[in-house]
Each structure stands twice: as structure tokens, then as C-alpha cells.
Amino acid sequence: MNSPLPADLIDRLVPLAEGSPLHAVRHQRDKVVAATEGSYHGVFDPALSGPPLAERLLAAHRIARLAGSAALEDHYRERLQALPALTPAQRAALEGTDAHGPAGDPRLAAILDFAATLTERPVEGDRATLLRLPAAGLATEEVVALAQLVAFVAYQLRVLAGLRALAALGDGPAAPRSGAADATAAAPFVHPAHLPKPGEPLRINGYTSESLGWTAWLPVVELADATPEQMAVLDASHPQAKTSDYYRVLAHQPRILQERSTVFNAIMYAPGGLSRAERELVSTVVSRVNGCVYCAAVHAQRFEQLAKRNDAIAQVFADPQGAGTTPRERALVRLGIDLTLRPADFGAAQLQASRDAGLSALEILDALHAAAIFAWANRLMLNLGEPVFPPR
């Protein structure tokens with residue numbers, strides 16, 4: 001028998017005591033809390049039509065170890081040790097004695113190699129990398145489950161790192177806005193003469209704000225063969241989901257898709273806290289750092305629609321380091337870069353600029369969530385298919 005799952009894993013691992021100031025801040029985003037936990041239960045459901053639970057837990061353990069998340073590494077080790085039996089290859093993978101891959105288990109080796117690539121170098125998770133999984137014997141629904149797992153754990157460990165950093169920062173007040181900041185915010189925006197006007201595509205360093213297509217590298221769910229659960233999640237996901245390769249490939253695992261959509265919407269559209277435009281800026285930064293051209297295009301366009309300008313996006317496309325037109329934007333950009341590239345080193349020091357720029361604890365949490373959810377989104381878009389550019 002598996003040990004019972006904790007009521008809320010993230011609260012337990014931070015740890016966040018009920019009634020503490022940060023617990024109260026986190027639970028202002030209860031939909032994110034519930035959907036994150038729901039995603040965890042869905043990804044690691046023993047009855048899931050994906051790889052066996054031991055293989056999924058080994059992949060999660062490998063991701064946590066490579067990313068330097070000791071708390072999650074210990075958690076997934078404990079869950080593995082609670083399983084009734086592991087094969088010798090699985091035991092070697094858990095104990096780290098498989099430096100050259102799990103001997104005699106090419107399927108597990110392919111799973112762990114895929115997890116490692118997407119953890120450390122997601123932009124290198126190309127079509128050939130993905131198709132090694134079917135070649136190793138994984139069915140399409142197993143491949144989709146594994147891709148969602150890898151992306152979810154990337155999100156999970158960044159939420160944990162961000163909350164620990166926020167806890168270490170303390171619950172002091174945000175810096176008051178200065179008169180200069182108020183004057184800057186009130187000043188009329190002057191569009192930089194060297195940039196295309198808002199609404200016209202930016203094209204810089206291979207990144208763009210124009211609308212792109214996307215095509216899957218795996219067979220998508222055919223509507224004529226879809227189960228009622230698959231049709232229900234497609235109906236609920238997006239008006240164009242039934243014609244979208246992205247949704248139709250993820251619909252191979254409808255429960256995970258539903259939970260993931262709930263997390264995404266709760267993070268990006270929650271009222272109050274960080275502005276919608278600023279969430280889109282953080283999302284674009286993370287996508288640029290990860291090399292996800294498709295996600296960068298979508299969220300650059302949304303930032304521009306909300307903010308009515310594209311100067312910050314042009315800076316992000318040119319070079320994310322130092323991008324941002326105000327101290328507040330630069331702090332958000334820096335947060336996105338640091339949490340994306342170095343979650344194991346993310347601490348109070350990486351949040352001080354956000355505090356100094358006047359962001360409240362809830363606004364910082366919203367920024368952390370936006371950065372974390374794009375660790376998830378980028379790994380689906382980068383590693384299950386490729387963008388399609390319009391004719392020029």
C-alpha cells in the first residue's frame with residue numbers, strides 16, 4: 001500500500017503553518033493551491049493510463065535531484081520506498097548507481113533521459129528526443145503523461161522555491177512608491193520611434209509577436225474516436241480546442257489537461273494582485289529564456305494588447321538581461337530569469353528588488369506563479385511539437 005498523500009504537499013514542504021502571514025497570502029490564491037494539488041494527484045494517480053507509477057515517481061525524483069530541490073527529491077524517494085517492490089534497474093535509478101543508464105531496462109533509460117533533457121535544457125527536447133520514447137515502447141498516452149509529468153514537476157519545484165524565498169524575505173511592507181515613480185507612471189507614453197507601432201509584429205532575434213500556428217509530433221486525438229471525457233475537456237478548454245493540435249494531443253490525458261488548464265487560468269486571470277500585463281511580461285520573459293518561440297509570441301502579443309505598448313517586449317526579445325522600462329518591470333524580469341534558470345539558488349536576495357520596487361507579497365506571489373506556470377507551458381510547447389510561422 002502507498003502511504004497516504006499529504007493534504008497539501010506545497011504547504012507541508014515550505015513549510016507554511018496555517019495562520020501564518022505567508023499561508024494567508026498563498027491561500028488568497030486558493031484556486032491555484034487546489035489545482036496545483038489536483039494536478040499532483042492526477043499526474044501520480046496509480047490508475048493513470050500512463051507509465052507505471054514507479055516509472056513516474058523515478059522521473060519526478062530524477063527531475064528534483066537535477067534541479068537541486070532536496071525537499072522534493074526526498075518526497076519522491078519516500079513515495080518510491082513505499083511501493084511494494086522495485087526492479088533492480090529501478091532500485092539502481094533511485095539510488096543513483098545507474099551512471100550509464102538503467103542496465104537491462106531501455107524503456108526506463110529513455111524515460112529518465114527525456115526527463116533530464118527537459119529539466120536542464122528544454123529547448124533541446126526536439127522531435128528526435130520525443131520519438132525515442134515510442135521507440136522504447138511507450139504508447140502515445142504514456143508519452144503525453146510523461147511530458148505532462150516533467151512539465152508539472154518543473155512548475156512544482158519553482159512554486160516551492162518561490163514560496164521559500166518569499167518566506168525568507170519576511171513579511172515586511174513593500175517599499176512606498178516615490179514621487180518620481182508616480183510621476184513616471186502618470187507621464188504620457190511616447191512610443192519609441194525605432195519600433196513597429198503597437199499592433200504591428202515585432203521580429204527580433206528569431207522571436208516575434210505575430211500569431212503563430214503549432215503542430216504536434218505525436219498522433220492527436222481523432223474526434224471520431226474521442227471518449228466522452230476527452231470531448232468534455234476539449235469543449236471546456238478553448239473555443240478552438242477541437243481543431244488545435246496542442247489540445248488534441250494533450251487530450252490523450254484528459255484529467256491532467258483539465259487540471260493544468262485550471263492552474264493556468266487561476267494564475268493568469270485571478271483578480272487583484274499583479275496586473276494582467278505584468279503577468280504577461282513575466283510569461284514572455286520565461287518563454288524567451290527557455291527558447292519557446294510560440295509561447296513568447298502569444299504572451300508578447302497579450303502584453304501589448306493590455307499595456308498598449310511593446311517597448312519592454314522588444315527589450316526582452318533583444319536581451320532579457322536588464323530588460324524593463326521601470327524599476328518595477330526590471331525587478332519582474334529579473335525574478336522570471338532567476339527562477340527559470342536557477343531555482344535551487346532562488347532565495348530572498350532574488351526577491352529584494354521586487355520588494356524595493358514596491359510589490360506587495362501577493363503581487364510577488366503572482367509573479368512567482370506566472371514564472372512557474374511557464375516552466376510547465378514551455379515544456380509542452382517545446383517538447384511535443386513545433387511552431388508554424390505564417391507565410392511572409
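Along the sequence shown, residues are numbered consecutively beginning with 1.
Looking only at atom types and distance, the side chain of Thr208 has a donor-acceptor partner in the side chain of Glu210 under 3.5 Å away. One side chain, Ser275 or Glu278, offers a donor N or O that lies under 3.5 Å from an acceptor on the other. Glu329 and Thr325 share a donor-acceptor pair across their side chains, judged by distance under 3.5 Å alone. Judged purely by distance below 3.5 Å, without hydrogens or angles, the side chains of Ser211 and Gln301 pair a donor atom with an acceptor atom. A donor-acceptor contact closer than 3.5 angstrom links the side chains of Gln352 and Asp356.
We find that Lys197 and Glu304 are not joined by a salt bridge, their nearest charged nitrogen and carboxylate oxygen being 4.0 Å or further apart. Of the charged side-chain nitrogens involved, at least one lies within less than 4.0 Å of a carboxylate oxygen, so that Arg107 and Glu55 count as a salt-bridged pair. We find that Asp113 and Arg132 are not joined by a salt bridge, their nearest charged nitrogen and carboxylate oxygen being 4.0 Å or further apart.
The heavy-atom pair separating Leu48 from Ala145 by the smallest distance is CD2-CB, 4.0 Å. In terms of heavy atoms, Leu94 sits closest to His61 at O-CE1, 3.5 Å. When all heavy atoms of Ala367 and Leu332 are compared, the pair lying nearest together is CB-CD2, 3.7 Å.
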Could you pull out all donor-acceptor pairs under 3.5 Å where a side-chain atom in residues 340-351 meets a protein atom, sequence neighbours excluded?
residue	atom	partner	partner atom	Å
Thr340	OG1	Gly336	O	2.6
Arg342	NH2	Asp338	OD1	2.9
Gln350	OE1	Gly347	N	2.7

Using residues 376-390 as the side-chain source, report each donor-acceptor pair under 3.5 Å to any protein atom, sequence neighbours left out, with the distance given to one decimal.
residue	atom	partner	partner atom	Å
Trp376	NE1	Gln148	OE1	2.9
Asn378	OD1	Asn290	ND2	2.9
Asn378	ND2	Ser287	OG	3.1
Arg379	NE	Leu118	O	2.8
Arg379	NH1	Ala375	O	2.9
Arg379	NH2	Leu118	O	3.3
Arg379	NH2	Thr119	O	3.4
Asn383	ND2	Pro122	O	2.9
Asn383	ND2	Gly125	O	2.9
Glu386	OE2	Trp217	NE1	3.4

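No chain of hydrophobic side-chain contacts below 4.5 Å, direct or via other Ile, Leu, Val, Met, Phe, Trp or Tyr residues, connects Leu306 to Leu274. Residue Leu368 is not grouped with residue Val33 when hydrophobic side chains (ILVMFWY) are merged at heavy-atom distances under 4.5 angstrom, including chains of intermediate members.
You'll find the side chain of Thr140 stays beyond 4.5 Å of the side chain of Pro134, heavy atoms only. In this structure, the side chains of Val282 and His299 stay at 4.5 Å or more apart for every pair of heavy atoms. At least one side-chain heavy atom of Leu83 sits less than 4.5 Å from a side-chain heavy atom of Leu53. Put simply, the side chain of Val32 does not reach to within 4.5 Å of the side chain of Arg26, judged on heavy atoms.
Taking the centre of each ring, Phe44 and Tyr76 come in below the 6.0 Å mark.
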Go through Arg248 and Asp245 one step at a time and tell me if the salt bridge (charged side-chain N to carboxylate O under 4.0 Å, His left out) criterion holds.
-> CA-CA 5 Å; Arg248 288 171 62 192; Asp245 266 21; 5.0 Å; no

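Residues passing the salt bridge (Lys or Arg N to Asp or Glu O under 4.0 Å) test with Asp45, sequence neighbours excluded: Arg255. Not a single salt bridge (Lys or Arg N to Asp or Glu O under 4.0 Å) links Glu141 to another residue, sequence neighbours left out. By the salt bridge (Lys or Arg N to Asp or Glu O under 4.0 Å) test, Arg279 pairs with Asp366, sequence neighbours left out.
Within the structure, ring-ring contact (aromatic ring centres under 6.0 Å, His included) contacts touching residues 248-293 (residues at least two apart or in different chains) are Phe264-Phe374.
Between the side chain of Arg158 and the main chain of His369, no donor-acceptor pair closer than 3.5 Å is present. Checking side-chain atoms of Ser209 against main-chain N and O of Leu202 turns up a donor-acceptor pair under 3.5 Å.
Classified by interplanar angle (parallel below 30°, tilted 30° to 60°, perpendicular above 60°), the ring pair His23/His27 is parallel.
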